There are 2 protein chains.
Amino acid sequence: MSKPSPRGASIDDGATEFATRDERKQRTRASLLDAALKLMAEGRSFTSLGLREITREAGVVPTSFYRHFRDMDELGLALVDEGGATLRQLLREARKDVAPVNDIIRRSVRSYLQFLKARQMHFMFIAGERSGGSPVIRSAIRNQVNLFVLEMSQDLRRLNFLPNLSTATLQLLCGLVVNTMLNAASDILDMPQDEPALEQALVDNFVRQLRMIFLGAMNWKEPAPKA
Amino acid sequence: MSKPSPRGASIDDGATEFATRDERKQRTRASLLDAALKLMAEGRSFTSLGLREITREAGVVPTSFYRHFRDMDELGLALVDEGGATLRQLLREARKDVAPVNDIIRRSVRSYLQFLKARQMHFMFIAGERSGGSPVIRSAIRNQVNLFVLEMSQDLRRLNFLPNLSTATLQLLCGLVVNTMLNAASDILDMPQDEPALEQALVDNFVRQLRMIFLGAMNWKEPAPKA
DNA sequence: CTTTTCAGTAAACATGTGTTCACCGTTTAG
DNA sequence: CTAAACGGTGAACACATGTTTACTGAAAAG
């Protein structure tokens, strides 16, 4: 009659039995974070999540929450950190596919989509709470995204991509690309996932948008610095 | 002499006194909508708003809510309608400033900013709930935004702006512009409003992003239709 | 082996929630 | 002028919420 919790990872993995105390703690911490993400994936905003709701979903008693986070904001910030880590990982992944200068965009989009599917919830969280919800986590997300933009522009510079553009302009370009990326993310993740035709349409549109942006960047003329 | 009101010190507005019943109803309906917007402006997402909270802010008793909306979703959809109307009004406004083909972008941005300030909350709502929160209002917003993109592209066509671009490409361009607009909106509205220097930086960045996009559009080559 | 530490538990609390119901007083329609 | 329609009211309901307090039992430290 054991009704296991509906979470994906089953509770006793076998490994659970022989885990050190600290490992166990990190484990329930992670399941709290996962619970929050899962609830958001079902169409709720972060600010609408309740503490009890999360602990219920995570399979612990409400009071356990306080062993890990002072309040909901702290949990939200932890989620932002995870999201930031995901973004950085995406960037690290992208650094490998630098070889063919030919059809970069289409290639990059392909690996981005792959990454997007693998971390659906993180992207949903970032894209969703970037402009809505609690000011504190909103600004934390903005920081992470700005950092991402910065790193990306540095990568482009290092690759000698559009070498005649100033650093500021490269950052402008990357900001535009990242906005487009995140918009596309929430568009794509919102789709019924059994409609490959519609998804393909969205992806094609995404690719064309990027092409247009890069076309603009390639034809950009740096203004002479004002006297 | 006015006859003494039985409820004692009631503030008559003059206007309130001589309103027809239906006008009064629309008035409290509007104050419910405004209350919701105001609460969101204080840094909450729509899904986190409570029915009682809204009626409290609006100055009516909770049960009155049901005289206007079946539930919170219905109120949310009403807000989306208002937001859509705002967008359409922005477009109508923009149709007037078509004369100088010279520095269109800077001019358009200026009037956009003016509009943005005047309807802060609507834009905050649209930009904030576009990717987060309840699926039903999210998709409603998406509809309104798509409609806006469509109308805008038709306007550009009518103005013979970039006449060598196909309709699909014009829509692509407008989608990109609208995304950039909405992102800029939430960036700008988030700022402490007594920092004109930072705001100017954001606006400049916004203008440059648009320039880059339009540059891309101007250099766009329509692909030959595939055999 | 003993003692301390500490993640998770159980019960209780004050307060907030959405929704229902019968009711009132004015506006509207006949 | 009378009767109906109707926007707004107040009390009540069953239940959910965040947080506190004291407790448990196993892992870690001595």
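It should be emphasised that the depicted structure is a prediction, and the values quoted were computed from it without experimental measurement. Scope of the values below: all heavy atoms of this structure, side chains included, with no hydrogens, waters or symmetry mates.
- For the pair A/Arg24 CZ and D/dG25 P, the interatomic distance rounds to 16 Å; values are reported in whole Å.
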Below 3.5 Å is the cut-off: list the nitrogen or oxygen pairs between protein and nucleotides 28-30 of chain D, distance only.
{"from": "D/dA28", "atom 1": "OP1", "to": "A/Thr20", "atom 2": "OG1", "distance (Å)": "2.6"}
{"from": "D/dA28", "atom 1": "OP1", "to": "A/Arg21", "atom 2": "N", "distance (Å)": "3.1"}

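- For the salt bridge (Lys or Arg N to Asp or Glu O under 4.0 Å) test, no residue two or more places apart in sequence or in another chain qualifies with A/Lys25.
- The salt bridge (Lys or Arg N to Asp or Glu O under 4.0 Å) search around A/Glu93 returns none, not counting sequence neighbours.
- Legend: salt bridge (Lys or Arg N to Asp or Glu O under 4.0 Å) pairs involving residues 28-49 of chain B, not counting sequence neighbours, sorted by first then second residue: B/Lys38-B/Glu57, B/Arg44-B/Glu53.
- Counting to the nearest Å, the P atom of D/dA27 and the CD atom of A/Glu23 are 13 Å from each other.
- Looking at A/Glu23, its side chain does come within 3.5 Å of a backbone N or O of A/Thr20 through a donor-acceptor pair.
- Nucleotide C/dG8 holds its C1' atom 15 Å from the CD atom of A/Gln26, rounded to whole Å.
- For A/Gln114, there are no side chain to side chain contact (heavy atoms under 4.5 Å, CB included) partners two or more places apart in sequence or in a different chain.
- When the salt bridge (Lys or Arg N to Asp or Glu O under 4.0 Å) test is applied to A/Arg106, the partners found at least two apart in sequence or on another chain are A/Asp204.
- A side-chain hydrogen bond (donor to acceptor under 3.5 Å, both in side chains) check over residues 62-75 of chain A, counting only residues at least two apart or in different chains, returns the pairs A/Thr28-A/His68.
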Are there any protein N/O atoms within less than 3.5 Å of an N/O atom in nucleotides 17-20 of chain D, and if so, which ones and at what distance?
{"from": "D/dT17", "atom 1": "OP2", "to": "A/Arg56", "atom 2": "NH2", "distance (Å)": "2.4"}
{"from": "D/dG18", "atom 1": "OP1", "to": "A/Leu51", "atom 2": "N", "distance (Å)": "2.6"}
{"from": "D/dG18", "atom 1": "OP2", "to": "A/Leu51", "atom 2": "N", "distance (Å)": "3.2"}
{"from": "D/dG18", "atom 1": "OP2", "to": "A/Arg52", "atom 2": "N", "distance (Å)": "2.8"}
{"from": "D/dG18", "atom 1": "N7", "to": "A/Arg52", "atom 2": "NH1", "distance (Å)": "2.4"}
{"from": "D/dG18", "atom 1": "O6", "to": "A/Arg52", "atom 2": "NH1", "distance (Å)": "2.8"}
{"from": "D/dT19", "atom 1": "OP2", "to": "A/Tyr66", "atom 2": "OH", "distance (Å)": "2.7"}
{"from": "D/dT19", "atom 1": "O5'", "to": "A/Tyr66", "atom 2": "OH", "distance (Å)": "3.2"}
{"from": "D/dT19", "atom 1": "O4", "to": "A/Arg52", "atom 2": "NH1", "distance (Å)": "3.4"}

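- Heavy-atom distances under 4.0 Å link DNA chain C to no residue of residues 28-47 of chain B.
- In this structure B/Phe46 satisfies the ring-ring contact (aromatic ring centres under 6.0 Å, His included) test with no other residue, sequence neighbours excluded.
- In this structure, B/Arg67 places its CZ atom 11 Å from C1' of C/dA22, rounding to the nearest Å.
- In this structure A/Phe115 satisfies the ring-ring contact (aromatic ring centres under 6.0 Å, His included) test with no other residue, sequence neighbours excluded.
- Considering every non-hydrogen atom in both A/Leu156 and A/Cys174, the closest pair reads CD1-SG, 3.8 Å.
- As a whole-Å value, the separation of A/Arg27 CZ from D/dA27 P is 13 Å.
- Residue pairs meeting the salt bridge (Lys or Arg N to Asp or Glu O under 4.0 Å) criterion with at least one partner in residues 125-142 of chain A, sequence neighbours excluded, are A/Arg138-B/Asp190, A/Arg142-B/Asp187, A/Arg142-B/Asp190.
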